[in-house]
Each structure stands twice: as structure tokens, then as C-alpha cells.
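All heavy atoms count here, side chains included; hydrogens, waters and symmetry mates do not.
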Amino acid sequence: MTELSRRTFLYGTGAAVGASALGTSTAVAAPRIPKTSGHVHRDVVRDARMEWKRLPKNWGDSPFLANGFLGVQVYAGRTPDELKLMLSHSEVQDQREHWEAAIGLSRLPIGYLTLQFAGAITAVDWTLDLWNAELTGSVTTTRGSATFTMLVHNTRSTFLARIQGAVTWGFQPLESATTRQVRKPADYTANPAPTLGTANGVSYAAQPLLAGGGYTTAWQARDGRFAAHVAYTHPADTHTSDAIREVRQALSIPFEVLTSQHRRWWNAYFTKSLVSVPDKLVQRFYWAQLYKMAAATRADAPVISEWGPWFPEQGNSWTAVWWNLNVQISYPLVNGSNHHELDAVTTTLKRFEHNLELNVNPNYRDGDSYAICHPGDRTLRPGPRYCGVPGVAPNDHTGNLLWACHNVWLGYRHTLDRRILSDVLVPILTKAVNYYARFLVEGTDGKLHLPETRSPEYANATDTTYDLSLIRWGVRTLLSIEENARWRDILNRLVPYAQGPNGVMIGKDVSLNDSHRHFSHMLWFYPLRELTWDMPEHRDLIARTFDHWTSRQGAWAGYSYGAASAMASAMGRPEDALSFLRYFLDRKQVGTNAVLTENTFYREGGNLAIESPLMSGQAILEMMVQSHNGVVRVFPSVSSTWADASVGSLRTQGAFLVDASRSGGRTDWVQVHSEAGAPLVLEHGITGDIDVRDGWGRRLDYRTRGSAIEIPLRRGQTAIVARRGARPDVSLRDVTANGSSSRWGLP
């Protein structure tokens, strides 16, 4: 099958800012433009720019550009007079399915551009402008200087540069072979060497694949401009002509026209929502994650792999897509930040649903069971590896698909696009639950028990909490859509979680005795929110389980801190939430060999991993707005050190967009816009008597419900809640810093 281009992908929405993952929903009102004071979005995002006053040396400290497909990183080259521009592409992978996905379907190295100067580099002054997604700056050498602008064009997937100064461009291909050594077969061979050539003034390196098709890097310099493009096709063999064509077309269009097109998308993207807090280290980190997310993925692009579109030069082991946590914790950020045009989980499951059965052990394929293995490739193919079989051949793959379905469900809840339910969630979730249901066994207690499975990254157990929580969420979700006797029976009789003095256990007779970086045994609390802090009868259990897990951090990963921060916010512990977050953002050592890098990437040993910083971005949103169990909560977990905060168009479950302002340590006003007319229950946090008015200043009816109010909003209607008698200015703002902090990069 020939790879579909992003322009022909049925559900392509990458260029449609404001769309849900399956396109613009008929249930959603017209986009709402948040009211701002001047150019607040532009100013906030430009304040988050990254700066380099020192020459970066690798992927962990370098600037990065991408558009969900082509990725570029710029750092020191092989010689003192050279820069290296590492090229990578999220579609470029091998196609040898007879080996496991991380080997036979592995992401493949492409190579790097070289930018050679007349003399040795002595100084750099670079800025990664997030607002325009452009890298600009100067390079000083022993024989003069040069200035440049570089970008990966948003819609053309072409690297563009304009340089003033004497430079020479080149390209160095890398061997087309997996960099993974774990379980690498003895008979593994690399793909053939590339063919180098020139056609119509365009240079190219054509890399064939043993499995058919291949990829080509084409490049050309002309009149101070430069363009490079990577094209990939399989099994078709048009990649060379495709790459050459794209380079020629890019250089035939004025540079100003291309940059204007590119900037238009990115500027619109960043105006979709706003987060401003007084801790500018946190604020700048948050906006860097939004930039990274849009650079790494789109609804019509491949789902995020461990490296996003940035292939580390040395490669290492994480050459595919990991579905046992990594994808699942990367994507929630798109919900609250109002960026469903980035939701590749929903579109990937829809587009490649036919491959889900391949992940089930052949002995258990019945046409009605689905699963996802890890690692897999971007089309959900696992190679010859299979999902675990409870009680027979357990591994930590079994719950992957149910957890991925929770991502899809979150996308539905935040948009109320019913096509997500009918086209993706219901058919796939049904078969994912079916696979589990066949293994449930009735015990002497009349309860349904699960044979031995693996709690990811910890231990095997029967009645594993991780799996039980996902089964319980799955059947409850299906029942919320349509009544079904089988699902009802499972929900009613599924065995409770095993408990001990330290709260919920890993599984039956298996306690958490060691530091555990994965929060697999706590999914029922976060993110599934089966038991929540607003259920007083469960608070003791939640606290004991959480406190025990967080008391042992020696083996934690970066995402553990983001998850702990989010959970603390869900428990109403704002100071703990900020403490966990800042530990990670302050670049302290994580575990024995991990750290957040200077450019907000994350490494474990020599491996780049993308999910930990993105999880921390979501943790920031959990401080600002929450919306589980049918209640929208504003500023539910803001530290007392953050007296001021401003948020705009943060999206919540129920398809609401929330603006709010906090000053002097208290909430001033909250504005909620309803896209779908769902019931609104709002914990606004404003002390004293309140007024509730619509966008025209007319009073709205509401009723008090505990600490919340219920406002019957129609589709497209807005409510403004403020102190009695106040007439607030509901403009968004960048709040004043409460201290100094350096920029990300190498400032």
C-alpha cells in the first residue's frame, strides 16, 4: 500500500485550527476568539523564546524545528567551522514485519545537513522564536560572520533557510539501519547504501529499503536561500522525484510568501488559549511544551514516538511507538490547551483499526478482540510480538489499548463530537473490553477475577489493580453510552482492588515495596478518576496510596514527577503539586541517570524521551482548571506563591472554554463559553456574593449546588461570574513575574 500523504489523509485537520481530531463537529459552535489586552498571546509566547549564547552540542541542548513530519535540530558539527543540522522524519521507518516492530519496523536514521563557514566558529547568538516557529541569529567565526533565518515550513514539510554570509551546504547520510540492540537478530542487515546524485540543479541522496520503496533527501542552495525536503514512499518508489519536486517548488516561491504562510498557522495556533502565571520559569516551560506538541504531532501526522520527529544522532533503543504509558501521557495536553487539531491518537486508531487484531495472540483472534502492543509502529503493527494472555503468557501490553481508548474518550468529552464516539471509541473500546472479558473467572466469592497479568514495570499478580481499573473504566464508559447486560454484570461483580495498610496494592498479595516510577497501580485515581478527592469516603484511601508511592522516589522517571504533581492538584494540595513540578523543571537529577535537558527535552541515560516534559505541561493545566465528574473547577490548585494568574479559552469536559483571572491571591472573575449546551456545574472559587451575567451584561439564572453553582447555558452562550456589583474587565493578561528566571536553551 502506498503511504498516504498528509494532503490526502481522510481525516487530515492539521491546517484547520480549531477542529476536533475528526474535523469540525456539527455539534460545536463557531470558534470563539478570546478577548485580550493588546497582543497578549504574542507577547507571552515571544517571552517564552529560547536563546543560545553558547554553541549547542547535541539534541539535548539544541534548538529544534518540526511540523509533525520533518524534524531538524542544529548543533556543533564535526569540525570547528561547521554546524550540523540533523534531519529526521516521523514517517521514515523500515518495513520488515518478520521482526518485532522496534527492529523490523524501526524508525530509521536519515542523515544531517552540514553548514560550513569560512572560519572556525567563535560565538553564536540564536533565538528560537516560538511565536513564528523560526530559528534566527548569527554565527561569528575567525573569518567573519553570518546571519540566518531557519524554519520547517508548516504545510510543505520542507526545511527553509535564508543566510547572509559565505557558507557551503552539504549532506551526510547515515546508515539506514535500526539503532536498537535489544533482541536484535543475528541475521539483521542494514538497508543498502544510498545513491547520491543531482537532477536539475537539485542534489539528492536516495535511500532504498530492502522491503521496497525508500526515502530521499533532496537539497539545493540558490541566491542565499536553501531548501531541503525528505520524501518517503512504500512500497511505491517515487520518493526521489517527490523530494526533488518539493525543493524546486519551494525555491520558486518568494521566501517572504513562504514565511507568511508558515507564520499564519503558528500565530493562530498560539492564540487558541492562554496560560500566564507569575513563575516565569513555569510559564515559559508550558509554552515550550505547546510549541513542542505542535512541532511533534498533528491529527494527520503519525502518533508520537519516543523521539517525536527528532531522531537522536546516536539512536539508541527507543526506535518505535511505546503504548504502555508513553503515548497515553503525551496527549492529554491537547485537551485543556484547546488543541484538538493535534489529536493523533484518535485518528491513528480510526485510520489503522484494521491492524489492532494483529496485536492479539493468534490463538485468541476471534474477530471480536483488539489490543495494542509496545513497541509498535505508527500504523499499529506489532511485528511478530503479541499482547499478553492473562494467566497464560502475561506481559505489560494487556492494558495498552484500553488506556489509549481513555485518551479518545477525553477527546470526546472535551469536544462532545459524537463522531468520536460512533466512529472510534465505541467500536474499538468494545473489542478491547471483549479481549479482557474472555479471561475473567468467577471465584467462590461470586466476584469476577482476573488471572495473572503484569502491572507495568513492576510485578506480575492476579487481580492486578492496573488491569482491573481499566476494565472497570471501560465497561462503565460503554454503559454510559448504551445499556448492556454483559457489561453491567462485569461492572457489578468485578473484584475490588486489593488493599493493605499503604492503600491500594499492585494486585492480590503483591504490595508496593520498592520505588516504582510507573503509576500503574493508581490509574483508578489518575487519570481515570474512578475514585476522586471530592468523594470524602475515599480520601483516606487515596491519600495513603499516594503518600506511600511518593515516599520512595529513587527509581522515578521524569513523568513520575509530572504525574505526582497532577495527582496532588487533584487532591487539593497545591504546594505539593508545585513542589513536584519544580523539582523536575529545576533540572535536578531524576532517578540514577535522567534529567530534563536545557532545551526542555528529557533524557534517560543516552535516550531521548518526549513524554515526561509533556506530562509536566499537563500538570500545569491541572493547577489551572479541572473538569472531572461533571464539575468545572477554576484555579483548583494554585500555589499561595502565585497571587496572580490569567487563563483564557482552556477547554474542559462538556465542551466549555474557560477564561479566568486571579489577583492578590483570590479569583476575580470567571467566564465560561458553552460550545455544545451541556449542563454547566461550576466551582468558581470567588468568595462572597456573586453576580452571573451573560456576555451582554444581562443577569443569568443559576442555582447553588454545594460549593458550586449550576448555570443552564445554551449552545454558544457565555456566562461571566464575578463579585456582586463588580463589572470586571474580562481581558486576558500576562501577569507580573514574582521573581527572576533564565530562559530555556543556553542563554
Side-chain angles (χ1 to χ4, degrees), residues 18 25-38 40-41 271-276 336 338 413-416 534 572 621 623-638 643-733 735:
S25 169
T26 55
V28 176
R32 168 183 167 275
I33 306 300
K35 183 181 177 183
T36 62
S37 297
V40 65
H41 291 89
T271 58
K272 288 283 298 295
S273 61
L274 183 86
V275 169
S276 177
N338 195 22
R413 286 294 304 148
H414 281 77
T415 62
L416 297 188
D534 53 359
L621 288 180
M623 298 173 178
M624 301 292 106
V625 174
Q626 297 175 19
S627 58
H628 52 276
N629 290 359
V631 180
V632 174
R633 299 168 176 86
V634 180
F635 298 137
S637 187
V638 176
D644 293 3
S646 178
V647 299
S649 290
L650 296 188
R651 182 174 288 273
T652 74
Q653 294 186 39
F656 298 110
L657 296 175
V658 176
D659 299 2
S661 179
R662 171 182 168 89
S663 64
R666 62 179 190 171
T667 302
D668 297 319
W669 55 265
V670 175
Q671 179 173 271
V672 181
H673 177 78
S674 174
E675 286 191 338
L680 172 62
V681 179
L682 176 68
E683 283 192 1
H684 50 76
I686 299 172
T687 57
D689 296 333
I690 59 170
D691 285 330
V692 180
R693 301 178 183 272
D694 66 11
W696 301 97
R698 298 172 298 203
R699 291 188 182 277
L700 290 176
D701 291 332
Y702 71 93
R703 67 186 184 91
T704 301
R705 197 169 116 175
S707 60
I709 60 173
E710 187 172 349
I711 311 172
L713 285 182
R714 300 186 303 275
R715 177 178 178 269
Q717 193 174 22
T718 298
I720 301 171
V721 183
R723 293 188 190 88
R724 178 70 53 84
R727 292 293 185 269
D729 177 0
V730 293
S731 299
L732 306 179
R733 61 198 173 97
V735 302

**Q.** Positive for side chain to side chain contact (heavy atoms under 4.5 Å, CB included) with Ile709, one of Leu680, Val681, Leu682
**A.**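 Of the listed options, the one satisfying the test is Leu682.
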Minimum heavy-atom distance between [X] and [Y], given as atom pair plus value:
| X | Y | result |
| --- | --- | --- |
| Gly654 | Leu416 | O-CD1, 3.7 Å |
| Val670 | Ala660 | CG2-CB, 4.1 Å |
| Pro679 | Phe656 | O-CZ, 3.5 Å |
| Pro728 | Ile720 | CG-CG2, 4.4 Å |

Gap separating the [atom1] atom of [X] from the [atom2] atom of [Y], nearest 0.5 angstrom:
| X | Y | atom1 | atom2 | result |
| --- | --- | --- | --- | --- |
| Leu732 | Gln671 | CG | CD | 8.5 Å |
| Leu657 | Thr718 | CG | OG1 | 8.5 Å |
| Thr704 | Glu710 | OG1 | CD | 10.5 Å |
| Asp694 | Leu700 | CG | CG | 5.0 Å |
| Ile686 | Asp668 | CD1 | CG | 8.0 Å |

How about [X] and [Y]: do any of their side-chain heavy atoms sit closer than 4.5 Å?
| X | Y | value |
| --- | --- | --- |
| Thr667 | Ser661 | no |
| Arg723 | Arg666 | yes |
| Val692 | Ile711 | yes |

Between [X] (side chain) and [Y] (backbone), is there a donor-acceptor pair under 3.5 Å?
| X | Y | result |
| --- | --- | --- |
| Arg662 | Trp669 | no |
| Asp659 | Ser649 | yes |
| Asn338 | Lys272 | yes |
| Arg633 | Val631 | yes |
| Asp644 | Gly664 | yes |

Donor on one side chain, acceptor on other, [X] and [Y], under 3.5 Å:
| X | Y | value |
| --- | --- | --- |
| Arg413 | Gln653 | yes |
| Glu683 | Ser707 | yes |
| Ser276 | Arg733 | no |
| Thr271 | His41 | no |

Q. Residues in side-chain hydrogen bond (donor to acceptor under 3.5 Å, both in side chains) with Asp691, at least two apart?
A.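 With neighbours one apart ignored, the set is Arg699, Arg724.
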(Q) I'd like to know whether Val634 forms a side chain to side chain contact (heavy atoms under 4.5 Å, CB included) with His684, so could you lay out the CA-CA distance, the side-chain angles of the two residues, the decisive distance to 0.1 Å, and finally the verdict. (A) CA-CA 5 Å; Val634 180; His684 50 76; 5.6 Å; no
Q | Matching residue for Glu675 among Arg651, His414, Arg715 - test: side-chain hydrogen bond (donor to acceptor under 3.5 Å, both in side chains) | A |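 Considering Arg651, His414, Arg715, a side-chain hydrogen bond (donor to acceptor under 3.5 Å, both in side chains) with Glu675 is found only for Arg651.
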Q: Report the C-alpha separation of Ile690 and Tyr702 in whole Å, then their side-chain angles, then the decisive distance to 0.1 Å, and conclude whether the side chain to side chain contact (heavy atoms under 4.5 Å, CB included) test is met.
A: CA-CA 11 Å; Ile690 59 170; Tyr702 71 93; 3.6 Å; yes
